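Heads up: the structure comes next, in C-alpha cells.
In this text the structure is predicted, and so the values were computed from the model without any measurement. Note that these values count all heavy atoms, side chains included, but never hydrogens, waters or copies made by symmetry. Just so you know, ligand 1 is whichever comes first in the structure, and atom 1 is the first atom listed for that ligand.
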Amino acid sequence: MYALGIDIGGTKIALAIVTTQGTVIGQDKLATDQMIEPKEMIDTIATRAKHLLLAHNIKEDELYGIGIGAPGPLDSERGMITYPPNLPRWRNVPIVKLMATHFSVPIRLENDASAAAVAEHTFGASKDYNDSLYVTISTGIGAGIISGNTLISGSKGNAGDIGHMVIDPSFGECVCGQYGCFEHICSGTAISREVSKLKGINISTEEAFRLYETHDADIVPYLDTVIERMGMAFVSLINTLDPEIIVVGGGVSQAGDRLFKPIRQYVKRFTLNKEAGDTPIVLAKLNQEAGVIGAAALSFPLK
Ligand code: ADP
Ligand code: ZN
C-alpha cells in the first residue's frame, strides 16, 4: 500500500507516491502559479497526481489516502486553506472537497510544519521516540508537535505556530504587530535583513554564518544574541511540551553545530528540570522531502 503526498508551498507544489516504509517511488513538481485561481490550480494538481499514479501503475485502491500539507493558517477540520500570507489568492479554499471531486480515497489536510513533524516522527530523526517536536527555521519559523505518537494539531490544525511567540520585544515590530516575535528575530529572513543592515550590503543568512566563522567583529556579537534568543525559545518549548527530542529543519538548520552547540548549552543551563536540559536537539533527516513525505504519512496508520 501507498499514500500520495501533496506539499503546497508559495513557490512550488510537490507530489509524491510514498510507501509505508517512507520510500518515495515517484514524484512530480510544479510551480505555484500565483496568478491562477486556486480551484484551477487544484484541478491541475489532481490531473498531475492521476498521471503520476498511472505512470507507476498504482491504482487508487492501493492508496491509504491522500495527504496535503499547506501553509497556515488553515482549517484542517473543514479541509480548508483559509488565509496563508504566502498564497495571497488562496482565501477559504475548500481544498479537501475540491480534491474529493477527483478521488474517492480519504483526503487529509494539515499545516506544512505538522506534516514535516509527522515525516520526521515516522521515518526520520525522531522515529524512535513517542514525543517529539519538529521546529523549522527557514524563511519563517514553525513547529509540529507529536505527543504520545499523535499529531497535536489543535482545534483547526494551526497548533505549533511558534514563530509569533514573543521572545524579546527590543528587537522591534513583527509583521503580526507584536514586538520581538521568535520569527522576527531568528528566521533566515530576519538574520539576513539585520546582518545586511549592519554591513550596509546585502548578505544572505549562509554568508552571515560564514562571516561568523571568520570572527567578524560586527557579526559575532549580533549572531551570538540571535542564537541565545533561539535558546530562550527552545527552553520555553521544552518547558511547555516536555518532548523527548527536538528535531530542527529548514534552511537555517544547515548552519549546523554553529547553531546547535550554543543552543544545547543554553538549554542545559536554563531548563530547571535537569533531565529536560539534556533533551536531544538534532538536525532533521528528511529536510527537503519532509513536507511531501509527511503529507503522505498523514494517511498512514501512526506507529
Ligand atoms: P523555505 O522557507 O522557502 O522552505 P528554506 O527552508 O530553504 O526555504 O530556508 C531558506 C532560508 O534558510 C534562507 O533564509 C536561507 O538564507 C537560509 N539558509 C539556507 N542554507 C543555509 C545555511 N547553510 N546556513 C544558514 N542559513 C541557510
Ligand atoms: Zn509576530
Side-chain angles (χ1 to χ4, degrees), residues 7-14 29 31-32 34 69-73 83-87 111-117 119-120 124 134-144 158 160-197 199 201-214 216 219-220 222-224 226-227 229-230 232-233 236 247-263 283-295:
D7 180 29
I8 300 181
T11 55
K12 62 175 183 354
I13 295 164
K29 239 178 218 140
T32 309
Q34 297 277 11
Y83 46 98
N86 59 354
L87 293 171
N111 83 63
D112 43 16
S114 286
E120 290 293 338
Y134 171 82
V135 176
T136 171
I137 309 180
S138 53
T139 49
I141 292 183
N158 297 311
D161 194 1
I162 59 170
H164 299 283
M165 180 165 87
V166 171
I167 303 291
D168 182 346
S170 76
F171 275 77
E173 192 176 1
C174 174
V175 285
C176 74
Q178 296 194 97
Y179 280 69
C181 291
F182 186 15
E183 178 171 301
H184 183 73
I185 303 170
C186 300
S187 66
T189 316
I191 294 171
S192 158
R193 180 190 67 228
E194 293 306 317
V195 167
S196 301
K197 269 193 229 161
K199 287 293 189 188
I201 48 163
N202 247 345
I203 293 181
S204 70
T205 311
E206 294 96 308
E207 281 168 47
F209 276 96
R210 268 195 292 276
L211 290 168
Y212 185 68
E213 291 275 271
T214 66
D216 182 287
I219 305 283
V220 170
Y222 171 71
L223 271 186
D224 278 346
V226 167
I227 295 168
R229 298 299 175 274
M230 289 184 189
M232 291 178 184
S236 291
V247 179
V248 189
V252 180
S253 68
Q254 297 305 314
D257 274 345
R258 287 169 291 185
L259 208 60
F260 285 87
K261 268 197 185 153
I263 291 177
L283 186 63
K285 251 195 187 155
L286 306 168
N287 238 337
Q288 289 307 327
E289 285 191 316
V292 76
I293 293 178

Out of Gly10, Gly251, Ala255, who is nearest to atom 6 (O) of ligand 1 when you count heavy atoms only? Gly251
Near Phe209 (heavy-atom distance under 4.0 Å), the atoms of ligand 1 are 25 (C)
Within this structure, what is the NE2-NE2 distance for the pair His184 and His164, rounded to the nearest 0.5 Å? 11.0 Å
In His164, the N/O/S atom nearest the Zn ion (ligand 2) carries the name ND1
Would you say His184 has an N, O or S atom lying under 2.8 Å from the Zn ion (ligand 2)? no
Degrees at the Zn ion (ligand 2) between the SG atom of Cys176 and the SG atom of Cys174, nearest 10°: 110°
Between Val195 and Glu207, is the side-chain contact (heavy atoms from CB on, under 4.5 Å) condition met? List the steps. CA-CA 10 Å; Val195 167; Glu207 281 168 47; over 6 Å; no
Relative to the heavy atoms of Gly188, which atoms of ligand 1 are at a distance of less than 4.0 Å? 14 (O)
Distance check, rounded to the nearest 0.5 Å: Ile191 atom CD1 versus Ile203 atom CD1? 12.5 Å
Crowded around Glu173 CD? As in, over 12 foreign heavy atoms under 6.0 Å? yes
At their closest point, which heavy atom of Thr32 faces which heavy atom of Gly10, and how far apart are they? CB-O, 3.6 Å
In the protein, what heavy atom is nearest to atom 2 (O) of ligand 1, and what distance, to one decimal place, separates them? Thr139 OG1, 2.6 Å
Atoms of ligand 1 under 4.0 Å from any heavy atom of Gly250, numbered from 1 in the order shown, are 6 (O)
May I ask you to check whether Asp216 and Thr214 show a side-chain donor-acceptor distance below 3.5 Å? no
In terms of its nearest heavy atom to atom 15 (C) of ligand 1, the top option of Gln254, Glu206, Lys12, Arg193 is Glu206
Atom 8 (O) of ligand 1: nearest protein contact (heavy atom, Å): Ser138 CB, 4.1 Å
In sequence, state the C-alpha distance, the side-chain angles, and the governing distance for Ile141 and Ser187, and then conclude on side-chain contact (heavy atoms from CB on, under 4.5 Å). CA-CA 6 Å; Ile141 292 183; Ser187 66; 4.1 Å; yes
Proximity of Ser204 to ligand 1 by residue part, where a heavy atom lies under 4.0 Å: neither
Do any nitrogen or oxygen atoms of Ile137 lie less than 3.5 angstrom from nitrogen or oxygen atoms of ligand 1? no
Are the charged groups of Arg210 and Glu213 less than 4.0 angstrom apart, N to O? no
